[in-house]
Amino acid sequence: MLRFSFLSLLTGLAAAESGLNAWLRYAPYAGSVFDQSKVPLHIVALNTSTASPVYVAGQELQTGIDSIFGQQCNVHHSHWGPSATIVVGTIDEYTSVYGELSSTPELIEDGFWLNTTGNSVQILGQNERGALYGAFEYLSMLAQANFTPVAYAANPAAPIRWTNEWDNLDGSIERGFAGNSIFFANGVIVSNLTRAAEYARILASIRINAVVVNNVNANASLLTPDNIAGLGRIADAMRPYGVQVGISLFFASPTSAVQGQANLTTFDPLDPGVVNWWTNVTNQIYAKVPDMAGYLVKANSEGQPGPLTYNRTLAEGANLFAKALQPYGGVVMFRAFVYNLVNESIWTQDRAVEAVQFFQPLDGQFDENVVIQIKYGPIDFQVREPASPLFANIPNTNTAIELQVTQEYLGQQCHLVYLPPLWQTVLDFDLRVDNKTSLVRDVITGQRFNRTLGGSAGVVNVGLNETWLGSHLSLSNLYAYGRLAWNPADDPTSMVQDWIRLTFGLDQSVIDAITQMSLESWPAYENYSGNLGEQTLTDILYTHYGPNPQSQENNGYGQWTRSDHLTVGMDRTVSNGTGFSGQYPPEVFQMFENISTTPDNLLLWFHHVNYTQMLKSGVTVIQDFYDQHYAGAATAQTFVSTWQSIQGLIDAERYSDQLFRLVYQAGHSLVWRDAIVNFYNNISGIPDEAGRVGNHPYRIEAESMTLSGYRLYYYAPNNATTPFETLSNYTAIVTTNNKTTGTAYTALNYPTGRYDISVNYYDQYGGASNFSVYLNNNMIGQWTANLRPWIGSAEGPRVLGHTPSIYIDGESATRITFSNVSVAHGDVLTITGIPDANELAPLDYVSVLPLGYAD
Ligand SMILES: *[C@@H]1O[C@H](CO)[C@@H](O)[C@H](O)[C@H]1NC(C)=O
Ligand SMILES: *[C@@H]1O[C@H](CO)[C@@H](O)[C@H](O)[C@H]1NC(C)=O
Ligand SMILES: *[C@@H]1O[C@H](CO)[C@@H](O)[C@H](O)[C@H]1NC(C)=O
Ligand SMILES: *[C@@H]1O[C@H](CO)[C@@H](O)[C@H](O)[C@H]1NC(C)=O
Ligand SMILES: *[C@@H]1O[C@H](CO)[C@@H](O)[C@H](O)[C@H]1NC(C)=O
Ligand SMILES: *[C@@H]1O[C@H](CO)[C@@H](O)[C@H](O)[C@H]1NC(C)=O
Ligand SMILES: *[C@@H]1O[C@H](CO)[C@@H](O)[C@H](O)[C@H]1NC(C)=O
Ligand SMILES: *[C@@H]1O[C@H](CO)[C@@H](O)[C@H](O)[C@H]1NC(C)=O
Ligand SMILES: *[C@@H]1O[C@H](CO)[C@@H](O)[C@H](O)[C@H]1NC(C)=O
Ligand SMILES: *[C@@H]1O[C@H](CO)[C@@H](O)[C@H](O)[C@H]1NC(C)=O
Ligand SMILES: *[C@@H]1O[C@H](CO)[C@@H](O)[C@H](O)[C@H]1NC(C)=O
Ligand SMILES: *[C@@H]1O[C@H](CO)[C@@H](O)[C@H](O)[C@H]1NC(C)=O
């Protein structure tokens, strides 16, 4: 019966891989055995229209089975079989062709039935989209060599399983770290939508059903007739995968002089002309996109116009769109991210309280097709936040959780941070509404408050880069986001392990290594960025990437830590602070109101305490800052060796690309560690009990070397662009001008032996300095400081996608390491730096490290 060559499966590792197929690679098993009789010969896809998800499911099954097993199946579109056949279709179509099922599975919209127990396989959707999901489920089992006979129904926990893409019409992406937009360029929708279709395929496999294609900071010119036609083309490209298109709207569009649309003098949501305007535009869009999912609206937020401009409520603003969408079954996702700037000199002011203040009084006033889209925490995608109390305060309103797959505050895909354990702290949080179990995940699915609409929105921001997110390992976050949108109780460990098998193969040591790194990555990042509920401590005014704790303070954004010489933390109590804790139901309020019952990991979110405050763990706050920052950076070092342990077990292309990133992360975690511990050591004056802070026995400060063509560079007082703590010993060196080559040298008074030599330098946006390192007269390394592309440059082979900085600071601070170098006592180490443009070959220090030691 089965006729394929078993030998062809034993060819070992796959060729180099770009990442374009994400987890849908359908790689042959390397050398493992399986039951050939389970591999089907025929596929029946019960739809003949090539644009239908069922037809696509048939193609996908054919491709996957051919690729995994070398088995070429025939695809039929009418009755065939029944033996050795996979039948995929809707339940209704199946029963009309094959007759009634022995028992009818209970399916809701988008659900599917998968039965592999007999000698044919049934993949039956409640609708076409569900059938496609079932096909991907079956292929995922085959790709993981899972031949367990199963028969089950699978249904989504919630109908809204969307992504948001913050793509601008000019092709740039706000907080995107993987190249330009797959949808837009030069103000219009691109003509080649191949990547959009490929993205839809990936999203369908994780059961995402809609994509909002443009930035929440929206541009009215999306609504020109040409662009509306372009949205129709995007929808056509994604529809075969069951993925619908949604768009973000600019609230003031009626007055924006959109080419091809009427121009009004008001955008007041209650003005009849405005109502007509939006109804008319909505009608035009549905004429081109008959299945448009709906609108996403960011209004009266961060300078965006909205209904408050006309003294109308946010509900009146949301319902304007709801009424226009209602005849088409469209949904308004209205963002809860509404806040006014706050004043730090007033102890009781707090941005975190604002969402409940704005939305709680409006509960019950939103139309049935409005969903309030709530970020997981009350501030903004920080490394740890308590669950937003808004989830507990609007029981008569539909809600969705907004998660961020793109790592805006969490390392921008240049740090490995597997996010589901963070998301789980919020999804599994029990808000205790009416003193009853009220998990956030049961609020957003509609279960807790008996709502019909709800779900998840994940900000993904994929780009043209073939890795989609800029880093191979970051794709686990997208994969798991889809799984959680379908089932918010899914397990972070099993999700990452499925993803690893699909992405890197079935070798157990590969699975173990990447599982371990992934699960350790968020705790490590929290520890070296901002622990104890202090938030990410990044540069919130600029790149959101490197360390800059002082940027949190003295501005209206309210991401304050209120750090001074004696104390730290936000007093969010009712008794003496901002009252934020009082926005939670009584039992949760009581827990957070009191220091004794607040978990250590949120202590400084809720309380303003002395640095000497004792934690439940038995150490003081300040000592915990020191200990955790050292521990987190130490964990990041181990990611490199863990990854190296799988060399040869995965393809060389992805191996070396990720190794480069993990080495970079290990270096940048030390930048983070040193910046935060130095900052708190400086401000508190309290020494580290373990004597680590400021004590670097293997470090040679650049400023202490013999210099020519270089001068000392100090931070400018009161100038946060160069935070003092991101310069080791508060001092770096730069060339005297941008034409002069600098040289720094010193004799190494270390015992003769082998060392790792690390050089910390600054890689600024706008220049590409060239550095060389010599031992005596032998060059041990040379590199160009250009890991971040700059306008007009040809991208090098190794590019980090994070937001670049033009300054000498915590984002530009970079480490390069030359391993296992033979050093004799008295050898002279020389570094030359050739400046370029604004980048004056800046150097901070050199570490000459005994092997296995990082500092
Ligand atoms: C699964 O499909 C087989 C035919 O392949 C059928 O015999 C069996 O009854 C089905 N199982 C269920 C639970 O319907
Ligand atoms: C469209 O884009 C795809 C993917 O980037 C590319 O392979 C293909 O050549 C492009 N087609 C045309 C006609 O440019
Ligand atoms: C459209 O309205 C805006 C604001 O009301 C105004 O600035 C602009 O000049 C108008 N444009 C046209 C073409 O009427
Ligand atoms: C929208 O309004 C314009 C006039 O501004 C009108 O010509 C057009 O027919 C309207 N379109 C729809 C779909 O209502
Ligand atoms: C805004 O609306 C409220 C309630 O309708 C009203 O009491 C208030 O006077 C209005 N304010 C202004 C400035 O129009
Ligand atoms: C849930 O809401 C529906 C209407 O949407 C209503 O018929 C039903 O009784 C409600 N269930 C409960 C338990 O309140
Ligand atoms: C109470 O608030 C004041 C500011 O109004 C602050 O200075 C003081 O430290 C707080 N007291 C305690 C015990 O936290
Ligand atoms: C809910 O819990 C709070 C805090 O434990 C308690 O004070 C309150 O009486 C409880 N309410 C009810 C209705 O049981
Ligand atoms: C903080 O320390 C000061 C002395 O520096 C002391 O007066 C105050 O009581 C301490 N506060 C707390 C909450 O321990
Ligand atoms: C720290 O920098 C100062 C100049 O700012 C320099 O005099 C001193 O030697 C440096 N310390 C070390 C340990 O290199
Ligand atoms: C802060 O530093 C930047 C970069 O060195 C410089 O351009 C700017 O003028 C400085 N600002 C102040 C207020 O010193
Ligand atoms: C795409 O990502 C790879 C791997 O991270 C990187 O080496 C390459 O420079 C990136 N290219 C673009 C165009 O962003």
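This one's a predicted model, so the numbers in the text were calculated from it and none came from an experiment. We count ligands from 1, going down the list as the structure has it; atoms in each ligand are counted the same way.
- Proximity to E701 (heavy-atom distance under 4.0 Å) selects the following atoms of ligand 10: 12 (C), 14 (O).
- Between Y584 and F589, the distance from one ring center to the other does not fall under 6.0 angstrom.
- In this structure, atom 14 (O) of ligand 10 is in close contact with the protein, since a protein heavy atom lies within 4.0 Å of it.
- For atom 2 (O) of ligand 7, the nearest protein heavy atom (residue, atom name, distance) is N576 ND2, 2.5 Å.
- Ranking protein heavy atoms by distance to atom 6 (C) of ligand 7, first place goes to W347 CZ2, 3.8 Å.
- Distance alone, capped at 3.5 Å, is enough to place a donor-acceptor pair between the D600 side chain and the K616 backbone.
- Within ligand 10, counting atoms from 1 as listed, the ones closer than 4.0 Å to a heavy atom of Y714 are 5 (O).
- Among R815, R673, R692, the single residue meeting the salt bridge (charged side-chain N to carboxylate O under 4.0 Å, His left out) criterion with D855 is R673.
- Side-chain contact of Y730 with N678: a donor-acceptor pair under 3.5 Å is absent, judged by distance alone.
- Close approach of ligand 10 to N729 (heavy-atom distance below 4.0 Å) involves ligand atoms 1 (C), 2 (O), 3 (C), 8 (C), 10 (C), 11 (N), 12 (C), 14 (O).
- Q550 and E725 form a side-chain donor-acceptor contact under 3.5 Å, judged by distance and modelled atom types alone.
- Taking the six-membered ring for Trp and thresholds of 30 and 60 degrees, H608 and W347 have ring planes more than 60 degrees apart, a perpendicular arrangement.
- Looking from atom 7 (O) of ligand 8 to the surrounding protein, the closest heavy atom is Q590 NE2, 4.3 Å.
- Neither the backbone nor the side chain of R432 has a heavy atom within less than 4.0 Å of ligand 8.
- Residues D539 and T543 bring no donor and acceptor atom of their side chains to less than 3.5 Å of each other.
- Closest to atom 12 (C) of ligand 8 by heavy atom, among N435, V588, D434, is N435.
- Annotation for ligand 8: atoms under 4.0 Å from non-hydrogen atoms of E587 are 2 (O), 4 (C), 5 (O).
- Under the 30°/60° scheme for interplanar angles, the aromatic rings of Y528 and H415 are found to be tilted.
- If you look at H629 and F679, their ring centroids are not closer than 6.0 Å.
- Shown here, atom 9 (O) of ligand 8 is out of close reach of the protein: none of its heavy atoms lies under 4.0 Å off.
- In Y730, neither the side chain nor the backbone holds a heavy atom less than 4.0 Å from any atom of ligand 10.
- Between the side chains of S438 and R448, at least one donor-acceptor pair of N or O atoms lies under 3.5 Å.
- Taking atom 5 (O) of ligand 10 as the reference point, the nearest protein heavy-atom neighbour is T731 OG1, 3.1 Å.
- Residue E703 has at least one heavy-atom neighbour below 4.0 Å for each of these atoms of ligand 10: 1 (C), 2 (O).
- Under a 4.0 Å criterion applied to the non-hydrogen atoms of S704, ligand 10 contributes the atoms 14 (O).
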